[in-house]
**Student:** 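Here it is, the structure, as structure tokens.
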Protein chains: 2
Amino acid sequence: MRGQKEKLTIKQVAEAAGVARSSVSRAFTRPEMLSPETVRRVLHAAEKLGYVPNQTARALSTGRHGNVALIVPDIANPFFPPLIRAAQMEADRSDFCVFLGNSDEDPKQEDKLVGRFVGQVEGLILASSRLSDERIRAHAAQRPLVLINRDVEGIPRVLIDSGSGVREAVAHLAELGHQHIVYVAGPVTSWSNKQRRLAVRKSAERLGLKVDIVPAIVPSYDAGREAVTAIMTTGATAAIAFDDLTAQGILAGLADRKINVPSQFGVIGCDDVLGAATYPSLTTVSNRSVEAGKAALSLLVELLQSQSARDIRYVLDTHLVVRNTTIVHKE
Amino acid sequence: MRGQKEKLTIKQVAEAAGVARSSVSRAFTRPEMLSPETVRRVLHAAEKLGYVPNQTARALSTGRHGNVALIVPDIANPFFPPLIRAAQMEADRSDFCVFLGNSDEDPKQEDKLVGRFVGQVEGLILASSRLSDERIRAHAAQRPLVLINRDVEGIPRVLIDSGSGVREAVAHLAELGHQHIVYVAGPVTSWSNKQRRLAVRKSAERLGLKVDIVPAIVPSYDAGREAVTAIMTTGATAAIAFDDLTAQGILAGLADRKINVPSQFGVIGCDDVLGAATYPSLTTVSNRSVEAGKAALSLLVELLQSQSARDIRYVLDTHLVVRNTTIVHKE
DNA sequence: CTGTTAGCGCATTCAC
DNA sequence: GTGAATGCGCTAACAG
């Protein structure tokens with residue numbers, strides 16, 4: 001009933017095909033070294049027996065296991081799943097398997113995960129790492145490592161530059177006649193938050209807009225909703241939020257107060273993770289997480305193949321996506 | 001500059017500690033077999049050299065790699081990330097690493113992923129598998145396998161029973177005076193959809209409500225929004241949607257038509273993946289994906305340890321979460 | 001308790 | 001082209 005689970009090794013195949021074990025091995029890894037006839041015979045026998053090469057043994061022998069690790073701070077943050085998915089698909093194209101780690105925003109946990117993975121992977125990707133530069137460098141010294149949204153010199157990294165999109169956002173608000181806006185900030189330790197805050201500041205200054213900063217600390221729906229009180233006391237007529245979740249909370253807080261969007265107040269998010277699913281649909285800054293995931297993975301694969309070690313810094317720019325929280329806009 | 005990366009094996013540690021290689025091995029895996037003194041010496045030497053056991057070699061020798069695989073149809077569907085996260089954390093507790101696979105709703109891809117993973121894992125978890133029963137059984141014959149939201153007899157499975165919550169939803173609507181409701185259906189191949197549809201049907205019947213079915217086919221915001229036309233022509237006064245995304249779309253469609261929720265029309269979602277982030281906040285059926293992920297993983301670990309093979313069917317029930325799309329309700 | 005030995009399954013020199 | 005032999009790093013009997 002249970003089917004034969006007798007260990008199938010290269011040996012049984014060799015016997016069945018009437019060749020040496022090494023030929024079986026070659027048939028799988030370097031068929032061009034064998035006569036077509038031999039290859040055919042081996043493959044046929046293997047197929048019939050249901051043989052499949054033991055990945056572990058192969059890894060021990062060659063030193064390459066065909067695995068990579070991807071660690072993110074929070075899978076449940078909608079920013080990451082598309083990134084993970086893209087990385088996954090790219091890995092698939094190169095026959096790599098990916099270990100996924102969730103650090104839970106905790107540097108210690110992230111360190112632990114790296115340790116656990118490092119023995120079984122050829123390289124790793126750290127997305128929005130919470131590790132210190134030192135730890136990152138230390139790990140990078142062990143294995144090829146690429147960073148996403150973390151700018152550490154000397155370590156290959158892919159960065160999503162939200163600055164460009166945010167500048168467009170400010171210009172958009174200026175065009176609509178807003179003269180006083182507020183930036184609802186995210187985590188102070190976030191590289192992206194810093195970028196965004198600076199971009200708002202600078203372009204507002206250049207365009208002659210007044211700008212206030214309201215902290216939301218943790219980027220979430222609730223934080224956004226609670227920030228509305230502070231936002232309204234500034235007297236601003238529009239807000240740019242650290243991310244879409246925060247913006248969504250702001251929308252809810254505004255609705256609670258019967259403040260109409262966009263006619264009475266304009267709102268702009270960041271990362272475009274909600275699509276058009278808010279009401280009104282959210283004007284936001286585009287998200288490049290898919291490209292980032294894909295780029296990071298292919299960069300890693302490239303690094304793995306050609307041991308090139310030049311300093312790589314891959315930047316993806318963003319742009320404004322105008323929907324209905326800043327202007328009545330057809331869809 | 002680059003630090004010494006000379007391969008550190010058990011051998012160097014053995015020499016440094018002045019013991020046999022097997023003692024080094026034991027110090028790491030079965031310290032209780034050694035004198036405390038020896039253990040200390042070995043560990044000290046290992047620490048000093050920066051030695052860390054080679055997982056691959058260990059796996060080849062023991063047959064256990066300490067890895068499991070988790071395959072989901074779509075990481076980007078908000079239902080899965082919390083499940084993945086929970087599984088991850090549970091795996092961590094048992095020192096397992098998890099390979100994550102995204103089948104992209106494609107059985108072929110799912111099969112391919114299983115094949116790629118199976119050589120490096122001790123067991124796998126298939127969440128909402130799109131594979132045929134046969135394929136699932138075939139894979140289960142190779143390796144311990146547990147299913148989530150898929151009911152195949154003989155294969156250990158954990159099921160989220162949305163029936164209980166849906167029955168509460170129907171009762172809730174009946175209490176509010178609704179006499180004619182509609183169920184906005186999801187994918188026909190979905191086990192969960194079937195459950196939900198039946199539960200709506202049966203309890204509506206029992207309570208004397210009229211019920212119509214409107215298909216949304218693919219569960220998404222857009223599908224929900226488009227379904228509103230069909231929903232309104234039925235003359236119903238409330239809708240239960242296959243999932244929260246669909247419900248959210250319905251909310252938007254209703255808003256487009258200036259139909260007030262909940263005073264003119266009631267809406268209930270399923271899975272509670274949006275939290276209170278819709279406006280009005282969505283009444284929905286609770287989600288047990290976190291427990292499901294956790295249970296599946298610990299079940300798998302248990303299976304791995306004690307080769308018990310009894311038929312396990314773990315069911316998680318759900319309940320209604322009342323928010324503001326059915327009744328004006330304080331938060 | 002600890003050292004010695006023999007594989008785990010495969011890739012890879014070498015000869016033939 | 002193909003076969004025989006060696007070793008990847010570690011664990012698991014088996015002795016002592």
Side-chain angles (χ1 to χ4, degrees), chain A residues 5-46 49-67 95 116 118-122 142-143, chain B residues 5-46 49-67 95 116 118-122 142-143:
Chain A
K5 275 223 287 191
E6 327 298 331
K7 309 245 130 173
L8 271 182
T9 77
I10 218 171
K11 191 180 172 205
Q12 346 292 333
V13 180
E15 286 170 358
V19 298
R21 300 196 290 249
S22 45
S23 291
V24 177
S25 172
R26 291 194 265 251
F28 280 94
T29 54
R30 296 253 235 320
E32 72 279 7
M33 285 186 68
L34 262 38
S35 81
E37 167 57 14
T38 307
V39 174
R40 200 194 57 68
R41 226 167 17 153
V42 172
L43 260 32
H44 179 71
L49 296 179
Y51 166 82
V52 38
N54 179 317
Q55 193 63 47
T56 310
R58 180 177 286 184
L60 180 57
S61 182
T62 61
R64 44 185 41 238
H65 0 46
N67 299 329
D95 284 327
R116 212 199 263 330
V118 80
Q120 324 188 54
V121 302
E122 296 184 36
Q142 304 279 312
R143 285 271 187 291
Chain B
K5 276 222 287 190
E6 327 297 330
K7 308 243 126 164
L8 273 181
T9 78
I10 216 170
K11 191 178 172 207
Q12 349 289 337
V13 180
E15 287 170 358
V19 298
R21 300 194 294 244
S22 49
S23 291
V24 177
S25 171
R26 290 193 267 252
F28 280 94
T29 55
R30 295 245 245 319
E32 72 279 9
M33 286 185 66
L34 262 38
S35 81
E37 167 58 14
T38 307
V39 173
R40 199 195 58 68
R41 231 179 359 165
V42 171
L43 261 33
H44 178 72
L49 298 179
Y51 166 81
V52 38
N54 179 318
Q55 275 290 138
T56 311
R58 179 178 288 183
L60 180 58
S61 180
T62 62
R64 42 185 43 240
H65 352 47
N67 299 330
D95 284 326
R116 213 201 265 329
V118 79
Q120 323 189 54
V121 302
E122 296 184 36
Q142 305 279 314
R143 285 273 187 290

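Proteins come first, then strands; the chains are lettered A, B, ... in the order of their sequence lines, and each starts at number 1.
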**Student:** In Å, rounded to the nearest 0.5 Å, how long is the span from CD1 of I10(A) to OG of S22(A)?
**Tutor:** 8.0 Å
**Student:** Report the residues that fulfil side chain to side chain donor-acceptor pair (under 3.5 Å) with T9(B), sequence neighbours left out, ordered by chain and then residue number.
**Tutor:** Q12(B)
**Student:** Can a donor-acceptor pair be found, under 3.5 Å and without considering hydrogens, that links the side chain of R143(A) to the backbone of V121(A)?
**Tutor:** yes
**Student:** Locate the shortest heavy-atom distance separating A45(A) from A16(A); write the atom from each residue and the value.
**Tutor:** CB-CB, 4.2 Å
**Student:** Taking side chain to side chain donor-acceptor pair (under 3.5 Å) as the test, write out the residues that go with T38(A), two or more places apart.
**Tutor:** S35(A)
**Student:** Does any pair with a residue in residues 50-63 of chain B pass side-chain hydrogen bond (donor to acceptor under 3.5 Å, both in side chains), and if so which ones, sequence neighbours excluded?
**Tutor:** none
**Student:** Report yes if the side chains of E122(B) and H65(B) come closer than 4.5 Å at any heavy-atom pair, otherwise no.
**Tutor:** yes
**Student:** Of all residues at least two apart in sequence or in a different chain, which pass the side chain to side chain donor-acceptor pair (under 3.5 Å) check with R21(A)?
**Tutor:** none
**Student:** Quick one: salt bridge (charged side-chain N to carboxylate O under 4.0 Å, His left out) partners of R40(A), sequence neighbours excluded?
**Tutor:** E37(A)
**Student:** Are the side chains of L8(A) and V13(A) in touch, meaning some heavy atoms are under 4.5 Å apart?
**Tutor:** no
**Student:** Give me the first and last nucleotide of DNA chain C, going 5' to 3', that has any atom under 4.0 Å from a heavy atom of chain A.
**Tutor:** dG9(C) to dT13(C)
**Student:** If every non-hydrogen atom of L34(B) is compared with every non-hydrogen atom of A27(B), which pair is closest and at what distance?
**Tutor:** CD2-N, 3.6 Å
**Student:** With sequence neighbours left out, write down each residue that passes salt bridge (charged side-chain N to carboxylate O under 4.0 Å, His left out) with E32(B), or none if nothing qualifies.
**Tutor:** none
**Student:** Taking only residues two or more places apart in sequence or in another chain, which ones pass salt bridge (charged side-chain N to carboxylate O under 4.0 Å, His left out) with R116(A)?
**Tutor:** D92(B), D95(B)
**Student:** What parts of residues 19-34 of chain A reach DNA chain C, counting only heavy atoms under 4.0 Å away?
**Tutor:** S22(A), S25(A), R26(A), T29(A), R30(A)
**Student:** Does anyone know the first and last nucleotide of DNA chain D in reach of chain B, 5' to 3', at under 4.0 angstrom to a heavy atom?
**Tutor:** dG9(D) to dA13(D)
**Student:** Which heavy atom of T29(B) sits nearest to which heavy atom of P31(B), and what is that distance?
**Tutor:** C-CD, 3.5 Å
**Student:** Residues of residues 53-65 of chain A with any non-hydrogen atom less than 4.0 angstrom from an atom of DNA chain D: list those, numerically ordered, please.
**Tutor:** L60(A), S61(A)
**Student:** With nearest nucleotide decided by heavy atoms, which residue, Y51(A) or G18(B), maps closer to the 5′ end of DNA chain C?
**Tutor:** G18(B)
**Student:** Compute the bend angle of the helix from dC1(C)-dG16(D) to dC16(C)-dG1(D) from the end axes (five pairs per end), rounded to 10°.
**Tutor:** 30°
